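One structure is given here, and the rest of the page talks about it.
Keep in mind that this is a model prediction, so the values were computed, not measured. Hydrogens, waters and symmetry mates are skipped; everything else that's a heavy atom, side chains included, is used.
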Amino acid sequence: VNAMVTAFDSAVAKKPAGITVWGFDPSLQYSIDSAIEQGIPVVTFCGDVAGSKRLTYVGSSQYDLGFEGGKLYAESVGGKGKVAILTLPGNPQFEERQRGFEEAFALYPEIAVVGYGDTKADTVVAISAAKDLINRNPELTGFVCTDSTGAIGASTALQELGKVGQIDILGMDRNSDILQMIKEGTITASIVQNDVSMTYWAMLTLITANYVDMGLTSDNAAAKAIASPLTIYTSVNLATAENADYYLKANELYATNPFNHFGFRHNYWGYFAY
(Lines give C-alpha, C1' and ligand atoms only; values in the text may rest on other atoms or scores of the structure.)
Protein backbone atom coordinates (compact mmCIF):
# COMPACT_ATOMS: atom_id res chain seq x y z
CA VAL A 1 0.00 0.00 0.00
CA ASN A 2 2.82 2.42 0.81
CA ALA A 3 4.36 1.81 -2.62
CA MET A 4 0.95 2.34 -4.25
CA VAL A 5 0.52 5.70 -2.49
CA THR A 6 4.03 6.73 -3.54
CA ALA A 7 3.34 5.79 -7.17
CA PHE A 8 0.07 7.75 -7.09
CA ASP A 9 1.76 10.83 -5.62
CA SER A 10 4.42 10.60 -8.33
CA ALA A 11 1.68 10.63 -10.95
CA VAL A 12 0.08 13.70 -9.33
CA ALA A 13 3.43 15.52 -9.47
CA LYS A 14 3.43 15.13 -13.27
CA LYS A 15 0.21 17.21 -13.41
CA PRO A 16 -1.74 14.88 -15.74
CA ALA A 17 -5.16 15.74 -17.12
CA GLY A 18 -6.61 12.96 -14.99
CA ILE A 19 -5.85 9.80 -13.01
CA THR A 20 -7.80 6.61 -12.53
CA VAL A 21 -6.70 4.38 -9.68
CA TRP A 22 -7.66 1.03 -8.18
CA GLY A 23 -9.18 2.14 -4.88
CA PHE A 24 -7.55 -0.71 -2.99
CA ASP A 25 -7.05 0.86 0.41
CA PRO A 26 -8.37 3.81 2.46
CA SER A 27 -4.77 5.05 2.74
CA LEU A 28 -5.17 6.51 -0.76
CA GLN A 29 -7.74 9.06 0.42
CA TYR A 30 -5.31 11.86 1.29
CA SER A 31 -3.52 11.54 -2.06
CA ILE A 32 -6.79 11.43 -4.02
CA ASP A 33 -8.13 14.49 -2.21
CA SER A 34 -4.85 16.31 -2.77
CA ALA A 35 -5.06 15.62 -6.53
CA ILE A 36 -8.64 16.90 -6.66
CA GLU A 37 -7.64 20.09 -4.82
CA GLN A 38 -4.95 20.62 -7.47
CA GLY A 39 -7.59 20.39 -10.21
CA ILE A 40 -6.71 16.85 -11.32
CA PRO A 41 -9.86 14.71 -11.65
CA VAL A 42 -9.56 11.23 -10.15
CA VAL A 43 -11.70 8.20 -10.93
CA THR A 44 -11.45 5.04 -8.81
CA PHE A 45 -12.00 1.64 -10.40
CA CYS A 46 -12.35 -1.96 -9.20
CA GLY A 47 -12.34 -0.76 -5.57
CA ASP A 48 -13.55 2.56 -4.17
CA VAL A 49 -12.10 4.84 -1.48
CA ALA A 50 -15.11 5.78 0.59
CA GLY A 51 -15.14 9.35 1.84
CA SER A 52 -12.63 10.61 -0.72
CA LYS A 53 -13.32 13.48 -3.13
CA ARG A 54 -12.89 11.24 -6.18
CA LEU A 55 -15.01 12.14 -9.21
CA THR A 56 -16.54 8.72 -10.00
CA TYR A 57 -16.23 5.08 -8.99
CA VAL A 58 -16.32 2.63 -11.89
CA GLY A 59 -16.48 -1.06 -11.15
CA SER A 60 -18.32 -3.88 -9.52
CA SER A 61 -20.62 -3.51 -6.60
CA GLN A 62 -18.46 -5.39 -4.11
CA TYR A 63 -21.58 -6.61 -2.32
CA ASP A 64 -23.11 -7.85 -5.58
CA LEU A 65 -19.97 -9.84 -6.41
CA GLY A 66 -20.57 -11.86 -3.27
CA PHE A 67 -24.37 -11.86 -3.36
CA GLU A 68 -24.82 -12.75 -7.04
CA GLY A 69 -21.88 -15.15 -6.96
CA GLY A 70 -23.22 -16.74 -3.79
CA LYS A 71 -26.63 -17.33 -5.37
CA LEU A 72 -25.05 -18.88 -8.46
CA TYR A 73 -23.00 -21.18 -6.26
CA ALA A 74 -25.99 -22.10 -4.06
CA GLU A 75 -28.06 -23.04 -7.10
CA SER A 76 -25.22 -25.11 -8.56
CA VAL A 77 -25.03 -27.26 -5.39
CA GLY A 78 -28.78 -27.70 -5.02
CA GLY A 79 -29.12 -25.23 -2.16
CA LYS A 80 -27.32 -27.50 0.30
CA GLY A 81 -23.88 -27.60 1.84
CA LYS A 82 -21.39 -26.51 4.47
CA VAL A 83 -19.11 -23.78 3.11
CA ALA A 84 -16.10 -21.82 4.28
CA ILE A 85 -15.22 -18.30 3.14
CA LEU A 86 -11.61 -17.39 2.32
CA THR A 87 -11.21 -13.63 2.51
CA LEU A 88 -9.14 -10.63 3.69
CA PRO A 89 -10.61 -9.40 7.00
CA GLY A 90 -10.31 -5.69 7.71
CA ASN A 91 -10.38 -4.50 4.09
CA PRO A 92 -13.72 -2.84 3.24
CA GLN A 93 -13.66 -4.09 -0.36
CA PHE A 94 -13.40 -7.75 0.65
CA GLU A 95 -15.63 -7.43 3.69
CA GLU A 96 -18.43 -6.25 1.37
CA ARG A 97 -17.92 -9.31 -0.83
CA GLN A 98 -18.04 -11.50 2.27
CA ARG A 99 -21.27 -9.83 3.41
CA GLY A 100 -22.75 -10.52 -0.02
CA PHE A 101 -21.90 -14.20 0.26
CA GLU A 102 -23.36 -14.42 3.75
CA GLU A 103 -26.63 -12.76 2.79
CA ALA A 104 -26.96 -14.90 -0.34
CA PHE A 105 -26.49 -18.08 1.66
CA ALA A 106 -29.03 -16.86 4.23
CA LEU A 107 -31.65 -17.36 1.50
CA TYR A 108 -30.90 -21.09 1.52
CA PRO A 109 -31.74 -22.73 4.88
CA GLU A 110 -29.69 -25.83 4.07
CA ILE A 111 -26.46 -23.92 3.39
CA ALA A 112 -24.34 -23.11 6.44
CA VAL A 113 -21.14 -21.03 6.66
CA VAL A 114 -18.95 -23.10 8.98
CA GLY A 115 -15.70 -21.14 8.95
CA TYR A 116 -13.57 -18.28 7.69
CA GLY A 117 -9.95 -18.12 6.58
CA ASP A 118 -7.63 -15.13 6.12
CA THR A 119 -5.60 -15.41 2.90
CA LYS A 120 -3.66 -12.18 3.50
CA ALA A 121 -3.58 -12.06 -0.34
CA ASP A 122 -0.73 -14.59 -0.14
CA THR A 123 -0.97 -18.01 -1.76
CA VAL A 124 1.14 -19.80 0.87
CA VAL A 125 -0.99 -18.36 3.67
CA ALA A 126 -4.16 -19.25 1.75
CA ILE A 127 -3.06 -22.90 1.41
CA SER A 128 -2.50 -23.11 5.14
CA ALA A 129 -5.84 -21.42 5.91
CA ALA A 130 -7.69 -23.80 3.59
CA LYS A 131 -6.05 -26.89 5.09
CA ASP A 132 -6.91 -25.70 8.59
CA LEU A 133 -10.56 -25.25 7.63
CA ILE A 134 -10.69 -28.71 6.06
CA ASN A 135 -9.16 -30.33 9.13
CA ARG A 136 -11.52 -28.54 11.50
CA ASN A 137 -14.62 -29.17 9.38
CA PRO A 138 -14.69 -32.77 8.07
CA GLU A 139 -18.16 -32.20 6.55
CA LEU A 140 -17.00 -29.18 4.50
CA THR A 141 -18.47 -29.23 0.99
CA GLY A 142 -17.21 -25.99 -0.52
CA PHE A 143 -14.95 -22.94 -0.44
CA VAL A 144 -16.04 -19.52 -1.69
CA CYS A 145 -13.34 -16.90 -2.12
CA THR A 146 -13.34 -13.11 -2.10
CA ASP A 147 -9.97 -12.89 -3.89
CA SER A 148 -7.97 -14.93 -6.39
CA THR A 149 -5.40 -16.19 -3.87
CA GLY A 150 -8.21 -17.91 -1.98
CA ALA A 151 -9.06 -20.13 -4.94
CA ILE A 152 -5.43 -20.98 -5.67
CA GLY A 153 -4.82 -21.75 -2.00
CA ALA A 154 -7.93 -23.92 -1.69
CA SER A 155 -7.15 -25.77 -4.93
CA THR A 156 -3.58 -26.50 -3.84
CA ALA A 157 -4.79 -27.65 -0.42
CA LEU A 158 -7.26 -30.08 -2.00
CA GLN A 159 -4.58 -31.50 -4.28
CA GLU A 160 -2.13 -31.99 -1.41
CA LEU A 161 -4.78 -33.59 0.81
CA GLY A 162 -6.16 -35.82 -1.97
CA LYS A 163 -9.62 -34.24 -1.86
CA VAL A 164 -10.02 -32.88 -5.40
CA GLY A 165 -13.61 -33.38 -6.50
CA GLN A 166 -14.84 -33.77 -2.94
CA ILE A 167 -15.01 -30.05 -2.10
CA ASP A 168 -16.21 -27.31 -4.49
CA ILE A 169 -14.27 -24.08 -4.99
CA LEU A 170 -15.85 -20.83 -6.15
CA GLY A 171 -13.02 -18.45 -7.03
CA MET A 172 -12.82 -14.76 -7.78
CA ASP A 173 -11.41 -13.10 -10.93
CA ARG A 174 -10.07 -14.45 -14.22
CA ASN A 175 -6.37 -15.04 -13.62
CA SER A 176 -5.02 -17.52 -16.15
CA ASP A 177 -3.92 -19.97 -13.45
CA ILE A 178 -7.46 -20.00 -12.04
CA LEU A 179 -8.97 -20.49 -15.50
CA GLN A 180 -6.59 -23.37 -16.21
CA MET A 181 -7.58 -25.04 -12.93
CA ILE A 182 -11.25 -24.65 -13.87
CA LYS A 183 -10.51 -26.50 -17.12
CA GLU A 184 -8.69 -29.22 -15.16
CA GLY A 185 -11.54 -29.53 -12.66
CA THR A 186 -9.67 -28.51 -9.50
CA ILE A 187 -11.63 -25.23 -9.26
CA THR A 188 -15.37 -25.39 -9.92
CA ALA A 189 -15.97 -21.84 -11.21
CA SER A 190 -14.87 -18.25 -10.68
CA ILE A 191 -16.71 -14.94 -10.43
CA VAL A 192 -15.39 -12.62 -13.13
CA GLN A 193 -15.35 -8.85 -12.80
CA ASN A 194 -15.67 -6.82 -15.98
CA ASP A 195 -12.27 -5.20 -15.53
CA VAL A 196 -11.87 -4.32 -19.21
CA SER A 197 -15.06 -2.30 -19.09
CA MET A 198 -13.99 -0.64 -15.82
CA THR A 199 -10.84 0.88 -17.25
CA TYR A 200 -12.58 1.89 -20.47
CA TRP A 201 -15.36 3.79 -18.70
CA ALA A 202 -12.93 5.24 -16.16
CA MET A 203 -10.82 6.77 -18.94
CA LEU A 204 -13.92 7.93 -20.80
CA THR A 205 -15.15 9.62 -17.62
CA LEU A 206 -11.84 11.50 -17.29
CA ILE A 207 -11.88 12.55 -20.95
CA THR A 208 -15.47 13.76 -20.55
CA ALA A 209 -14.52 15.74 -17.44
CA ASN A 210 -11.80 17.53 -19.42
CA TYR A 211 -13.45 18.12 -22.78
CA VAL A 212 -17.24 17.99 -22.46
CA ASP A 213 -19.29 20.76 -20.88
CA MET A 214 -22.05 18.96 -19.03
CA GLY A 215 -24.43 21.90 -18.76
CA LEU A 216 -26.38 20.98 -15.66
CA THR A 217 -26.13 24.69 -14.80
CA SER A 218 -24.74 27.70 -16.65
CA ASP A 219 -21.57 27.31 -14.57
CA ASN A 220 -21.27 23.98 -12.74
CA ALA A 221 -18.10 24.96 -10.86
CA ALA A 222 -19.57 28.22 -9.55
CA ALA A 223 -22.84 26.48 -8.68
CA LYS A 224 -20.93 23.62 -7.05
CA ALA A 225 -23.08 21.29 -9.13
CA ILE A 226 -21.83 17.75 -9.82
CA ALA A 227 -22.64 16.64 -13.37
CA SER A 228 -20.49 13.50 -13.55
CA PRO A 229 -21.93 10.13 -12.47
CA LEU A 230 -20.94 9.27 -8.91
CA THR A 231 -20.97 5.52 -9.57
CA ILE A 232 -20.88 3.32 -12.67
CA TYR A 233 -21.45 -0.35 -11.87
CA THR A 234 -20.15 -2.98 -14.29
CA SER A 235 -21.40 -6.53 -14.90
CA VAL A 236 -20.72 -9.71 -12.92
CA ASN A 237 -19.92 -12.85 -14.93
CA LEU A 238 -19.03 -16.47 -14.18
CA ALA A 239 -16.15 -18.48 -15.64
CA THR A 240 -16.85 -22.21 -15.90
CA ALA A 241 -15.33 -25.18 -17.72
CA GLU A 242 -17.62 -24.37 -20.66
CA ASN A 243 -16.33 -20.82 -21.28
CA ALA A 244 -12.87 -20.71 -19.64
CA ASP A 245 -11.06 -20.93 -23.00
CA TYR A 246 -12.60 -17.65 -24.15
CA TYR A 247 -11.23 -15.84 -21.12
CA LEU A 248 -7.84 -17.53 -21.50
CA LYS A 249 -7.52 -16.36 -25.11
CA ALA A 250 -8.20 -12.78 -24.01
CA ASN A 251 -5.56 -13.10 -21.27
CA GLU A 252 -3.01 -14.21 -23.86
CA LEU A 253 -3.59 -10.93 -25.70
CA TYR A 254 -2.93 -8.90 -22.55
CA ALA A 255 0.16 -10.93 -21.68
CA THR A 256 1.85 -10.21 -25.02
CA ASN A 257 0.86 -6.54 -25.35
CA PRO A 258 2.03 -3.85 -22.89
CA PHE A 259 -0.98 -1.78 -23.96
CA ASN A 260 -4.47 -3.14 -23.66
CA HIS A 261 -6.65 -3.04 -26.76
CA PHE A 262 -8.08 0.36 -25.80
CA GLY A 263 -4.55 1.78 -26.01
CA PHE A 264 -4.11 2.90 -22.39
CA ARG A 265 -0.84 2.28 -20.63
CA HIS A 266 -1.18 0.27 -17.41
CA ASN A 267 1.07 0.87 -14.42
CA TYR A 268 1.90 -2.05 -12.10
CA TRP A 269 0.65 -0.22 -9.03
CA GLY A 270 -2.87 0.07 -10.34
CA TYR A 271 -3.26 3.53 -11.82
CA PHE A 272 -3.60 5.09 -15.23
CA ALA A 273 -2.60 8.67 -15.99
CA TYR A 274 -3.00 10.52 -19.26
Side-chain angles (χ1 to χ4, degrees), residues 62 64-89 91 94-193 236-245 247-248:
Q62 305 303 326
D64 282 352
L65 284 175
F67 187 75
E68 298 300 329
K71 288 197 299 182
L72 288 170
Y73 173 80
E75 292 298 325
S76 73
V77 297
K80 300 178 181 180
K82 297 182 184 298
V83 301
I85 299 177
L86 291 172
T87 187
L88 282 80
N91 185 298
F94 299 101
E95 288 187 341
E96 275 295 283
R97 296 178 187 181
Q98 176 182 316
R99 185 170 70 89
F101 279 133
E102 292 167 340
E103 295 190 8
F105 295 148
L107 301 175
Y108 299 86
E110 294 185 76
I111 289 184
V113 178
V114 297
Y116 298 84
D118 183 359
T119 71
K120 300 187 186 302
D122 182 289
T123 301
V124 174
V125 175
I127 294 169
S128 177
K131 285 183 176 179
D132 181 60
L133 284 162
I134 293 169
N135 291 332
R136 287 191 288 110
N137 300 279
E139 296 182 354
L140 187 70
T141 60
F143 283 106
V144 295
C145 311
T146 67
D147 79 321
S148 59
T149 53
I152 298 298
S155 175
T156 305
L158 294 187
Q159 292 176 65
E160 293 180 356
L161 295 175
K163 291 183 176 292
V164 173
Q166 299 176 36
I167 298 175
D168 297 313
I169 301 173
L170 177 66
M172 182 72 68
D173 294 328
R174 60 181 178 91
N175 308 30
S176 292
D177 47 4
I178 287 180
L179 294 169
Q180 191 60 46
M181 289 181 181
I182 290 173
K183 289 183 63 178
E184 294 167 356
T186 55
I187 292 177
T188 311
S190 188
I191 300 167
V192 177
Q193 301 187 68
V236 178
N237 298 281
L238 191 69
T240 65
E242 287 71 34
N243 62 13
D245 274 332
Y247 289 106
L248 277 168

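Side-chain contact check for Val125 versus Asp118: every heavy-atom pair is 4.5 Å or farther apart. In this structure the side chain of Leu107 reaches within 4.5 angstrom of the side chain of Lys71, judged on heavy atoms. A 4.5 Å side-chain heavy-atom check between Asn237 and Arg174 finds every atom pair outside the cut-off. Side-chain contact between Thr146 and Gln62 is absent, with no heavy atoms from C-beta onward closer than 4.5 Å. In this structure the side chain of Leu158 reaches within 4.5 angstrom of the side chain of Ile134, judged on heavy atoms. A heavy-atom distance below 4.5 Å is not found between the side chains of Ile169 and Met181. Side chains of Phe101 and Val113 form no contact here, defined as non-hydrogen atoms less than 4.5 Å apart.
The backbone N or O of Leu140 sits nowhere less than 3.5 Å from a side-chain atom of Asn137 that would complete a donor-acceptor pair. Side chain of Asp173 to main chain of Thr149: no donor-acceptor pair is present (N/O by atom type, distance under 3.5 Å, no hydrogens or angles). In this structure, the side chain of Ser148 does not engage the main chain of Met172 through any donor-acceptor pair within 3.5 Å. Using modelled atom types, no side-chain atom of Thr240 and backbone atom of Ala189 make a donor-acceptor pair closer than 3.5 Å. Listed for the Thr156 side chain is a donor-acceptor partner under 3.5 Å among the backbone atoms of Ile152. Judged by distance alone, with hydrogens and angles left aside, the side-chain atoms of Asn135 form no donor-acceptor pair with the main-chain N or O of Asp132 at under 3.5 Å.
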Glu102/Ile85 under side-chain contact (heavy atoms from CB on, under 4.5 Å): CA gap, chis, key distance, verdict
CA-CA 9 Å; Glu102 292 167 340; Ile85 299 177; 4.1 Å; yes

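Closest non-hydrogen pair, Ile187 versus Ser155, comes out as CG1-CB, 3.9 Å. Pairing each heavy atom of Gly185 with each of Val164, the nearest pair is O-CG1, 4.3 Å. In terms of heavy atoms, Gly171 sits closest to Ser190 at C-OG, 3.2 Å. Of all the heavy atoms in Phe143 and Leu133, the pair that sits closest is CE2-CD1, 3.8 Å. Of all heavy-atom pairs between Leu86 and Ala154, the closest is CD1-CB, 3.9 Å. The two residues Cys145 and Ala151 make their nearest non-hydrogen contact at SG-N, 3.4 Å.
The line from OG1 of Thr119 to CG of Leu88 is 4.0 Å long, rounded to the nearest 0.5 Å. Here the straight-line distance linking atom CD1 of Ile127 with atom CD of Gln159 works out to 9.5 Å at 0.5 Å rounding. Tyr108 contributes atom OH, which lies 14.0 Å from atom NZ of Lys80 (distance to the nearest 0.5 angstrom). Note: Tyr247 OH to Ile182 CD1 = 9.5 Å, rounded to the nearest 0.5 Å. For the atom pair Ile167 CD1 and Thr186 OG1, the distance stands at 13.0 Å (nearest 0.5 Å). Atom-to-atom distance recorded for Leu72:CG and Leu170:CG is 8.0 Å, nearest 0.5 angstrom.
Around the NZ atom of Lys131, the shell of radius 6.0 Å holds more than 12 heavy atoms that belong to other residues, nucleotides or ligands.
Side-chain contact annotation: Gln180 with Ser176, donor-acceptor N/O pair under 3.5 Å absent.
Ion pairing between Glu96 and Arg99 holds under the 4.0 Å rule for side-chain N and carboxylate O.
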